[in-house]
Amino acid sequence: MAASVDPLVVGRVIGDVVDMFVPTVNMSVYFGSKHVTNGCDIKPSMAINPPKITVSGQPGELYTLVMTDPDAPSPSEPSMREWVHWIVADIPGGTSPVRGKEILAYVGPRPPVGIHRYILVLFQQKGPMGLVEQPSSRAHFNTRFFAAQLDLGLPVSTVYFNSQKEPANRRR
């Protein structure tokens, strides 16, 4: 059973990043041993490397994963919305992004100020992608526009986490 979209509505992921959709695929996301659930906190130092992700679905199906930050540079003034952190296409069902084709290399969270949302959106492809151009900039990316350009339709799964800048000095 795929997850409910309710936390995505509460967290304004539906609205700010994607339109209302019905989850049909399970996507499990881990940073180390930490399971990512909607709205959980992940420290930037835990997310330096890409998360371990498993996508359900059938081996004959292909998926595209997009990770963005809609709160760049700050949640109160997201003038760079969305900042794209990672794009992987041609992920076979039942596997992970490691088996896909990386379009844009992973960059971990680096929120300069405030609590930022980091959204992982999974789309089911209609067939192999072929050549996909990298976005010209990581800033001002638009998940909806990207999905429309590649005829991906609505997401099949989405999860998000929160992250904020860590104190440089932890001694108090």
Side-chain angles (χ1 to χ4, degrees), residues 1-31 35-40 42 50-72 75 78 80-107 109 116-163:
M1 175 70 197
S4 160
V5 295
D6 294 350
L8 301 174
V9 174
V10 172
R12 298 184 338 274
V13 171
I14 289 176
D16 286 353
V17 179
V18 295
D19 295 322
M20 183 62 80
F21 71 99
V22 176
T24 55
V25 173
N26 284 310
M27 175 172 61
S28 107
V29 180
Y30 285 86
F31 282 105
H35 181 232
V36 176
T37 55
N38 283 317
C40 74
I42 301 284
K52 183 175 187 281
I53 299 176
T54 307
V55 174
S56 69
Q58 302 303 313
E61 298 168 342
L62 294 171
Y63 297 90
T64 294
L65 176 73
V66 176
M67 178 177 158
T68 70
D69 170 2
D71 300 319
M80 294 181 183
R81 174 177 290 169
E82 301 160 56
W83 184 273
V84 63
H85 283 260
W86 198 24
I87 303 174
V88 184
D90 293 338
I91 303 165
T95 69
S96 73
V98 174
R99 298 275 313 278
K101 182 170 65 180
E102 194 169 65
I103 307 299
L104 190 65
Y106 177 85
V107 172
H116 289 231
R117 296 166 293 160
Y118 292 86
I119 325 294
L120 292 124
V121 184
L122 189 72
F123 296 95
Q124 185 169 349
Q125 299 171 201
K126 292 178 172 62
M129 275 297 165
L131 180 66
V132 178
E133 285 190 33
Q134 276 193 349
S136 55
S137 164
R138 287 186 184 263
H140 308 292
F141 182 82
N142 185 307
T143 299
R144 287 183 183 95
F145 180 73
F146 177 80
Q149 263 190 320
L150 298 177
D151 194 24
L152 294 171
L154 291 171
V156 293
S157 187
T158 299
V159 68
Y160 82 99
F161 63 92
N162 295 318
S163 194

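Keep in mind that what you see is a predicted model, and the values were worked out from it rather than measured. Scope of the values below: all heavy atoms of this structure, side chains included, with no hydrogens, waters or symmetry mates. Along the sequence shown, the residues carry numbers beginning at 1.
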_Let's go through V17 and Y160 carefully: what are the C-alpha distance in whole Å and the side-chain angles of both, what is the deciding distance for side chain to side chain contact (heavy atoms under 4.5 Å, CB included) to 0.1 Å, and is it a yes or a no?_
CA-CA 11 Å; V17 179; Y160 82 99; over 6 Å; no

*asked:* I need the D151 CG to F123 CZ distance, nearest 0.5 Å.
replied: 11.5 Å

*asked:* Would the distance check show the side chain of R138 and the main-chain N or O of W83 forming a donor-acceptor pair, the cut-off being under 3.5 Å?
replied: no

*Quick one: do V55 and E61 satisfy side chain to side chain contact (heavy atoms under 4.5 Å, CB included)? Show the steps, please.*
CA-CA 11 Å; V55 174; E61 298 168 342; over 6 Å; no

*What are the two closest non-hydrogen atoms of M129 and L152, and how far apart are they?*
CE-CD2, 3.3 Å

_Give me the atom names and distance for the closest heavy-atom approach of G100 to P92._
N-CD, 4.5 Å

*Between L8 and M20, is a side chain to side chain contact (heavy atoms under 4.5 Å, CB included) present by the stated rule, with each step listed?*
CA-CA 9 Å; L8 301 174; M20 183 62 80; over 6 Å; no

*How many angstroms lie between CD1 in I103 and OG1 in T64, if you round to the nearest 0.5 Å?*
7.5 Å

*In chain order, what residues pass the side-chain contact (heavy atoms from CB on, under 4.5 Å) check against V98, with sequence neighbours excluded?*
S96

*Give, for atom CG of L65 and atom CG of D90, the distance between the pair rounded to the nearest 0.5 Å.*
12.5 Å

*Hey, does the side chain of S137 reach the backbone of A139 with a donor-acceptor pair shorter than 3.5 angstrom?*
yes

*Would you say the side chain of V29 lies within less than 4.5 Å of the side chain of L120, judging by non-hydrogen atoms?*
yes

*For P51 and W86, work out which heavy atoms get closest and say how close.*
CD-CZ3, 3.8 Å

*asked:* Distance check, rounded to the nearest 0.5 Å: I14 atom CD1 versus R12 atom CZ?
replied: 13.0 Å

*About how many Å separate CG of L122 and CD1 of I53, when rounded to the nearest 0.5 Å?*
8.5 Å

*Contact check, side chains of P109 and D69, non-hydrogen atoms, under 4.5 Å*: no

*Would you mind reporting whether T158 and F21 have side-chain heavy atoms less than 4.5 Å apart?*
yes

_Set of residues satisfying side-chain contact (heavy atoms from CB on, under 4.5 Å) with respect to P75, sequence neighbours excluded_ = D71, H116

*Take atom CZ of R144 as the centre, draw a 6.0 Å sphere, and report whether it contains more than 12 heavy atoms from other residues, nucleotides or ligands.*
yes

*Taking the inter-plane angle between the rings of F146 and F141 on a 0 to 90° scale, is it parallel (under 30°), tilted (30 to 60°) or perpendicular (over 60°)?*
tilted

*Side chain to side chain, L62 and P128, heavy atoms closer than 4.5 Å*: yes

*How long is the span from the CE atom in M80 to the NE2 atom in H140, to the nearest 0.5 Å?*
6.0 Å

*Which atom names give the shortest non-hydrogen contact between E82 and N142, and what distance separates them?*
OE2-CA, 3.6 Å

*What do you reckon, is NZ of K52 surrounded by more than 12 foreign heavy atoms closer than 6.0 Å?*
no

*Indicate the ring-plane relationship of Y30 and H35, choosing parallel, tilted or perpendicular according to the 30° and 60° boundaries.*
tilted

*Indicate the atoms forming the closest heavy-atom contact of Y118 with S163, along with that distance.*
CE1-CB, 3.5 Å

*F31 vs F161 aromatic rings, parallel, tilted or perpendicular, using cut-offs 30° and 60°?*
perpendicular

_For T37 against V159, the heavy-atom pair lying closest together_ = C-CG2, 4.1 Å

*Side-chain contact, heavy-atom cut-off 4.5 Å: T143 with P155?*
no

*asked:* Any heavy-atom pair between the side chains of D16 and R117 that's under 4.5 Å?
replied: yes

_Can you list everything that forms a side chain to side chain donor-acceptor pair (under 3.5 Å) with S157? Sequence neighbours excluded, please._
none

